[in-house]
Amino acid sequence: MALSFRPGTLSVDDLVERLGSSDCTDALVGIGEEDSVSMQFSRSSEDRMSAVLSALNDVKSALVASEIKDIVQIAVSS
């Protein structure tokens with residue numbers, strides 16, 4: 001699963017530290033475009049939807065809603 005979003009006021013270093021402090025240790029974080037952060041998760045779960053919701057909840061727990069401008073894309077592969 002990959003999640004891309006545009007961070008608000010949070011620096012990239014702070015973002016990575018917060019994600020590491022939450023349950024997002026299975027996320028590969030990439031900063032390819034200016035003002036855009038992508039995360040690719042390798043997450044096991046009962047089904048795809050549970051994995052997606054689990055990752056989103058972990059990201060939401062690491063970040064304040066105002067720090068996320070918008071979610072650009074969520075792609076799920078088997």
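Residue numbers run from 1 in the order of the sequence given. Bear in mind that the values here come from a model prediction, so they are computed numbers and not experimental data.
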_Would the distance check show the side chain of S54 and the main-chain N or O of A51 forming a donor-acceptor pair, the cut-off being under 3.5 Å?_
no

*asked:* Do M39 and L28 have side chains that approach each other closer than 4.5 Å (heavy atoms only, starting at C-beta)?
replied: no

_Student check: side-chain heavy atoms of F41 and V59 closer than 4.5 Å_ = yes

*Among all residues two or more places apart in sequence or in another chain, which pass the salt bridge (Lys or Arg N to Asp or Glu O under 4.0 Å) test with D26?*
R43

*Apply side-chain contact (heavy atoms from CB on, under 4.5 Å) to D14 and list each qualifying residue two or more places apart in sequence or on a separate chain.*
L10, S11

*Can you name the side-chain contact (heavy atoms from CB on, under 4.5 Å) partners of D47, sequence neighbours left out?*
M49, S50

_Spatial distance of atom OG (S22) from atom CG (D58) [nearest 0.5 Å]_ = 5.5 Å

_Spatial distance of atom CZ (R18) from atom CG (D13) [nearest 0.5 Å]_ = 12.5 Å

